[in-house]
There are 2 protein chains.
Amino acid sequence: MPGAVSLLAWGRLIDAGARARHKARAGLKAAGLPPPEWYDILQLLGRHGAQRPRDIQHKLGIEQYTLSRLLARMDQAGLVAMQPCTVDRRGQITALTAQGEACRAAMWPTYAAAIRSAIEARLDPDERVQLAVMLEKIA
Amino acid sequence: MPGAVSLLAWGRLIDAGARARHKARAGLKAAGLPPPEWYDILQLLGRHGAQRPRDIQHKLGIEQYTLSRLLARMDQAGLVAMQPCTVDRRGQITALTAQGEACRAAMWPTYAAAIRSAIEARLDPDERVQLAVMLEKIA
DNA sequence: GATTGATCGATGCACCTGCATGCAAAACCC
DNA sequence: GGGTTTTGCATGCAGGTGCATCGATCAATC
């Protein structure tokens, strides 16, 4: 049976995580922008170059079917482009389009605001470090 | 623009929260048990007695429409009973049934295991306190 | 180089959630 | 009291998620 402190930490972890995600999503939606997952993908493709769904899936920890449909929507929206993969004909190369990069850039201010209001507005610098350290052990 | 530590903390918060929730849900489902939200409601009704949806909603921070359907399913499953509210005929009193209490008890070991593996297996006691404190400031 | 098994990605289905709205009862206000 | 606003809960609809499974391709073993 978990101790009281563990229960407290658990409850707050679940709650804080849900709230944070929800707020970020709401802020983006209010600005007419896509959800946070899109940002993560756009960012990954921008930083690390075009890659296969499988790799994105592992790096971001998204379920296979979720990512598949996510990419389909983003492709539909013109933010990424799917190209046939020459070395493995099952796969596809998912590349960031110019429009995709523009979208990522457009999302950043709003996304960043959510992060600031969740983390920086409530924790001073050394508390942020503490939180990051504790959370690393959990994830 | 958020600092690097804030970004790190944010990412881990989102990730750890999602992972924790997902693991708890998966564990319960694997044991043929209802999802974690059900536990929270059953627990609340057990501890604090029968009450109206509105109160549950505020205490647990659930969206109104989510709770409405959640309670409908739990009622359907016989875990709670909806009784007309005498003091406000719009409302209903949601009460825990014996079957509901049994379900809550049956869920606890599995739920507790998820909490232990997420918190207690990875943090020693004073780290748990630190985490709880940091998360309180965020939530 | 053929068979067998594993991996990649898509998708049908059922369920769940978010949003907007509806209806009914209460609270407010003149 | 009569009309307006607010509150409590339910729900139709659109969209997202999880699960299982599929077709296609690759890899491994013989």
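To find a chain, count down the sequence lines: A is the first, B the second, and so on, and within it residues start at 1. From a predicted model like this one, the values you see are computed outputs, not experimental measurements.
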Q: Return the value, rounded to whole Å, for the distance between atom CG of A:Leu67 and atom P of D:dG18.
A: 12 Å

(Q) With nearest nucleotide decided by heavy atoms, which residue, B:His22 or B:His58, maps closer to the 5′ end of DNA chain D? (A) B:His58

Q) Tell me: CG of B:Asp55 to C1' of D:dC9, nearest whole Å? A) 13 Å

Q) Same cluster for B:Met134 and B:Leu123 if Ile/Leu/Val/Met/Phe/Trp/Tyr side chains link at under 4.5 Å? A) yes

**Q.** Candidates D:dC26, D:dT11, C:dT11 - which lies nearest the side chain of A:Arg89
**A.** D:dC26

Q) Under 4.0 angstrom, heavy atoms only, what part of the nucleic acid is B:Gln92 near: base, sugar-phosphate, or nothing? A) sugar-phosphate

Q: Rounded off to whole Å, could you give me the CZ-to-C1' distance for the A:Arg73 and D:dG15 pair?
A: 8 Å

Q) Once you round it to whole Å, what is the distance between P of D:dC22 and CD of A:Gln64? A) 15 Å

**Q.** Nearest-Å distance for atom pair CG/P, residues B:Asp75 and D:dT11
**A.** 12 Å

Q) In whole angstrom, what separates A:Trp38's CH2 from D:dG15's P? A) 13 Å

Q: Compare the minimum distances between each of C:dG18, D:dG16, D:dG18 and the side chain of B:Glu63, then state the nucleotide with the smallest one.
A: C:dG18

**Q.** Gap between atoms CZ and C1', on B:Arg21 and C:dC16 respectively (whole Å)
**A.** 14 Å

Q: Measure the distance from NZ on B:Lys29 to P on D:dA20 and round it to the nearest whole Å.
A: 8 Å

Q: Please determine if a side-chain N or O atom of A:Tyr65 lies less than 4.0 Å away from the OP1 or OP2 oxygen of C:dA10.
A: no

Q: Using a strict cut-off of less than 4.0 Å between a Lys/Arg side-chain nitrogen and an Asp/Glu carboxylate oxygen, indicate whether A:Asp55 and A:Lys59 qualify as a salt bridge.
A: no

Q: Can you label the angle between the B:Trp10 ring and the A:Tyr111 ring as parallel, tilted or perpendicular, going by 30° and 60°?
A: perpendicular

Q. Closest nucleotide of DNA chain C for B:Asp88 versus for A:Met82: which of these residues is on the 5' side?
A. A:Met82

(Q) How about CZ on B:Arg73, more than 12 heavy atoms from neighbouring residues, nucleotides or ligands closer than 6.0 Å, or not? (A) yes

**Q.** hbond_proxy B:Arg90 side chain to C:dG22 base (donor-acceptor, 3.5 Å cutoff)
**A.** no

Q.
So, OP1 or OP2 of C:dC8: does either fall under 4.0 Å of a side-chain N or O from A:Ser68?
A. no

Q) Taking only N and O in the side chain of A:Arg52, is any of them less than 4.0 Å away from OP1 or OP2 of C:dG9? A) yes

(Q) Just N and O in the side chain of A:Arg69: are any of them under 4.0 Å from OP1 or OP2 of C:dA10? (A) no

Q) For the hydrophobic clusters of this structure (ILVMFWY residues joined by side-chain heavy atoms under 4.5 Å, transitively), does one cluster hold both A:Ile41 and A:Ile93? A) no

